[in-house]
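In what follows, chains are A, B, ... by sequence order, proteins preceding strands, each numbered from 1.
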Amino acid sequence: MSNDPRQILVTSALPYANGSIHLGHLVEYIQTDIWVRYQRMQGHEAIYVCADDAHGTPIMLRAQQEGITPEALIERTGHEHRADFADFQIAFDNYHSTHSPENRALAETIYHRLNEAGHIHRRTIKQAYDPIKEMFLPDRFIKGECPRCGAADQYGDSCEVCGATYAPTELKNAVSAISGATPIEKESEHYFFALGDFEAMLRKWTRGEHTQSEIANKLDEWFETGLQDWDISRDAPYFGFEIPDAPGKYFYVWLDAPIGYMASFKHYCDTHPWLDFDAWWGKDSKHELYHFIGKDIAYFHTLFWPAMLHGSDFRTPTAVFCHGFLTVNGQKMSKSRGTFITARAYLQHLNPAYLRYYYAAKLGNGIEDIDLNLEDFLQRVNSDLVGKVVNIASRCAGFINKKYDGRLSDTVADPGLFDTFAAAREPIAALFENREYSHAVREIMALADQANQYIDAHKPWVLAKQAGKEQEVQDVCSVGLNLFRVLVTYLKPILPMLAEESEQFLNIEPLRWEDAATALTAHTINTFKPLMTRVEKDHIDAMVEASRENLQPAPDTGAPAATACNIEPVAEMIEFDDFARVDLRIARIVKAEHVKGADKLLQLTLDIGTETRNVFAGIKSAYAPEDLEGKLTVMVVNLQPRKMRFGVSEGMVLAAGPGGKDLWILHPDDGAEPGMRIK
RNA sequence: GGCGAGGUAGCUCAGCCGGUUAGAGCGCAGCACUCAUAAUGCUGAGGUCGGGAGUUCAAGUCUCCCCCUCGCUACCA
C-alpha cells in the first residue's frame, strides 16, 4: 500500500440551513468521514469540505416567521450544525456557507461562462403568485383540493391521497400557504440552463465509471426521457444571489448549492496558501474530486453539476458516490414513534462512537437503504466493541501493568499469528477504499475473535500461577496487546476516539495504516483505563422518549404551517338545489382502524342505519382509531365511490381544520341516530 | 402505472462467473473458564434461501410469471 500520495478533495452534501442534523444525515457524514480518515491514514492528502446550504424560499419564510433576518437564521443554524458535526468527530477541513462571498463570485463566474457560451436561455413563464405577499409561490407553498379526488389540503404538485399529479393552477380552491390568499397567475421571465446541450458529454461522463452502476441505470432512463431545460432563476423576494445584470432575478438555490463545494474549498485555500485552487478545480486538474450524496439528489450531481462544470470550463468530478436512506427499526423515521432523532438528541444520551461503528457495520458501496435497528444496535456494539475488541486490551493489560511494569516482551512470541493480522491490512484497505465498510468490519471482527481465541488457548491467568512461566505470561499478553493495536489501527477511520485513547494507553504516536505491519516490542505502555463502556438500554429508551413528539409536529421542511389562523374566504354563492344534491347523514363509527402502508388514512366502518360503509379518511394525524369507535359523526353518503390505493372509499366524513393534529370531525348533538339526513 | 433495489436461520447480514451435507455475527440452549467492562472459549439447536413454473447432469445463484417490502418517478427536479 505504499502508493504515491494522492491529492483527494472530498465533499458531503450540504445540509439545508433550515433544520437540525438528524440520524439520517449522519449516515452520509459518517460514511464520508470514514473514507477521508482512511485516506489520510494512508498518507494521502485528503481534504474534506462542506458547507451549509443557506438559500431559498423556505429559509426566507422561516426567518420571517421567527422575526429575524435570513442571515441571522443561517448564522444560528450554522453554529448548531458545526457543533453537531464536531461532536460526531466529522473531520471537515473546512465548513463554510453558500451565503458567502466566495460562493457569490464562483456562481457569477460559472453563470457568466455558461451565458457567454450560449447555454442560458430566457423565457417567460406563468406561475402562481401570491398577491398579498407579492411573491411567486413554489408548488409546495400552494394548498388546495385535489382536482382528481377532491382531497382537501393538498400541495400544489401532487395529491397525497390519490397520488394524482398536476400543475398548481389545477388545484381547486387553491390558497397560498403563506398568506391564505387566492393565488393568481402571473408571468415572469425566467432563466434556463440548457442541459440538453450537454447530452453527449454527459452520456460519455456517466459511462466513465464516475457513478455506481445503479445510478448509471437510472441515468440511462433520464437520457431516454430527454434532458429538459433547467429553470435556474427565481424572482424577488428571494434569499439568494441576484443574477448579474438581471435586477430582481435570483439564482435558484440548487444552482449555487453545489458551487458551495468549490466555495468552501476556495475559502480553505485562502488560509492555506500553498493550495492552488486552479490545480484542483481547473479543467485539466489531475487531482481527485469525490462527492458523497444521498441517492435522492443524484440528478443534481450527475447531470446538472457535471454539465455546469464542463460548460464553464471547470473539471468534472472523479466520482459521485450515492448512498441509501436510513430507516429506524425498519420504518421511516417518525416523530410520533420517537425515531426522528436529531444529532443533538442522540448526543445527549449516547456515545457517538456507537453510531459510527454501527453505520460502518452496515454500510456497503451500494445505494441500498440501511436500517438502524435499536435492539441490534445495542447488541452489536456491546458484543463487538466492548466484548471483543476492547476486551482484548482489558484482559492483557492487567498482567503487563502489574507484573512487568508495563513492559512488553522484546520479541513477538507468535509471529505467525501476528503476520496474519498484519497481512490483513491490504485486503481491509481495499475494502475501505471501495467503501465496503460492512465487509471490512466483518473481517476486523473475525480477527478480534482470533485474538480472543489465542488468549484463551494460552491462558495467561493459569501460567501466572506457575513458577518459572513469567516470560510466557509476558509473551502471551504482549502478543494480545499487539493484536489489539493492529485491530485499533484498522478501526481507526471508524473510531477515531477509541484509537486516540488507545494510542494514549499504548503510549505510541498516532497510528498510521502501515503501522499494522510491525509489532510493538520492548516498549512500555500506560495503565489501562476502560476504553469504551457498554450501551445501556435505558439510554436508548430515554433518547427515543425524548424524541417522541406528542404535541404539534414542528414544521421542519417546506411550507410553514402558518395557515392555522387564516380563514378561507367565503366561496361563491350556490342555490339551495346545489346544496340539496349533497346527501349528508348521521353515521356511527362502528369500527376504525389503521391502514397498513398509509401515512394519513384511517379506515372507518360507518353505520348509516340501512347499511354500513367503508370510508377512508385522512385523519390519522389527529385521531387514534380507538377514540373514534362508537362515536357519531356526519358523512356524505352520495359521493361517488373512490378507488384508493388501499381500497374503495364509499363516501367521506366531514372534518375541519388546517391538518396535522389540528383536525376535528363533526359530532351531532345527543339524540341523533345513524341514517338521519342532515338538511 | 413505469423504473430501480430488495425478500436467505429469532435479529442484522455474506453468498463472485450456477457445482460437494447453504454461511457469519448477534440472540438462544448446554458445557468450560474466571485474566477481562457478567467479558471469553467450546458444543449445539435453528433455514423446503418469498411462491410457482422452466432451462440444466446440477439453481438462493439463470429465464418467465405471481406475491410482498422499500425507494424514485408519473412530463418535476
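In this structure, F377(A) reaches neither bases nor backbone, as no heavy-atom distance under 4.0 Å exists between it and the strands shown. Residue contacts shown for P460(A) are absent, as no nucleic acid heavy atom lies under 4.0 Å away. Within the nucleic acid shown, I367(A) has no heavy atom closer than 4.0 Å to any nucleic acid atom. Among the protein residues, N452(A) comes within range of the sugar-phosphate backbone only, with heavy atoms under 4.0 Å from sugar or phosphate atoms but none that close to a base. Among the atoms of the strands shown, only primed sugar atoms or phosphate atoms (P, OP1, OP2) are found under 4.0 Å from some heavy atom of W230(A). When heavy atoms are screened at a 4.0 angstrom cut-off, G398(A) is found touching no nucleic acid atom at all. Residue Q379(A) is in sugar-phosphate contact alone, with no base atom involved, counting any heavy-atom pair closer than 4.0 Å across all strands shown. Contacts of V390(A) with the nucleic acid, taken as non-hydrogen atoms under 4.0 Å apart, include base atoms.
Atom C1' of G51(B) sits at a distance of 16 Å from the matching atom of A59(B), rounded to the whole Å. One P atom belongs to U21(B), the other to A29(B), and the distance between them is 32 Å to the nearest Å. Here the separation of C65(B) from A9(B), taken at their P atoms, is 25 Å to the nearest Å. Between the P atoms of A22(B) and G47(B), the separation comes to 12 Å (whole Å). Taking atom C1' in both U56(B) and U61(B), one finds a spacing of 13 Å when rounded to whole Å. Annotation: C17(B) and U12(B) have their P atoms spaced 25 Å apart (nearest Å). Comparing the P positions of C62(B) and A14(B) gives an interatomic distance of 16 Å, to the nearest angstrom. Comparing A32(B) with A38(B), their C1' atoms are spaced 15 Å from each other, to the whole Å.
As a whole-Å value, the separation of L374(A) CG from G27(B) C1' is 17 Å. One interatomic measurement links the two molecules: CG of D229(A) to C1' of A77(B), which rounds to 13 Å at whole-angstrom precision. The distance from atom OH of Y299(A) to atom P of C75(B) is 14 Å, rounded to the nearest whole Å. One interatomic measurement links the two molecules: NE2 of H539(A) to C1' of U37(B), which rounds to 15 Å at whole-angstrom precision. In this structure, the CG atom of L303(A) is 10 Å from the C1' atom of A77(B), given to the nearest Å.
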For the pair L483(A) and I455(A), evaluate side-chain contact (heavy atoms from CB on, under 4.5 Å) and give the outcome as yes or no after the intermediate values.
CA-CA 11 Å; L483(A) 300 181; I455(A) 296 164; over 6 Å; no

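Within 90° of 0 lies the glycosidic angle of G60(B), which makes this nucleotide syn.
Under 4.0 angstrom from either OP1 or OP2 of A5(B) there lies no side-chain N or O belonging to Q212(A). Contact annotation: K362(A) reaches the phosphate of C13(B) (side-chain N/O to OP1 or OP2, under 4.0 Å). Look at R534(A) and you'll find a side-chain N or O under 4.0 angstrom from OP1 or OP2 of A39(B).
Checking D369(A) against T327(A) by side-chain atom types alone, no donor-acceptor pair falls below 3.5 Å. For Y354(A) and H539(A), the side-chain atoms include no donor-acceptor pair closer than 3.5 Å. R380(A) and N373(A) are not linked by any side-chain donor-acceptor pair at a separation below 3.5 angstrom, with hydrogens and angles left out of the test. In summary, the side chains of Y454(A) and D414(A) do not present any donor paired with an acceptor at a separation below 3.5 Å, with no hydrogens or angles considered. A side-chain donor-acceptor contact under 3.5 Å links W305(A) and H291(A).
Residue F300(A) and nucleotide A77(B) are not classified as a stacked aromatic pair, given the requirement of ring centres less than 5.5 Å apart at an interplanar angle below 30°.
Using a cut-off of 4.0 Å between Lys/Arg side-chain N and Asp/Glu carboxylate O, K362(A) and D371(A) are scored as not salt-bridged.
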Canonical and wobble pairing (Watson-Crick, G-U, under 3.5 Å) of RNA chain B, dot-bracket with |
(((((((..((((.....[...)))).(((((.......))))).....(((((..]....))))))))))))....

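For the pair K295(A) and F325(A), the cation sits on the ring face: its NZ or CZ lies under 6.0 Å from the ring centre, inside 45° of the axis.
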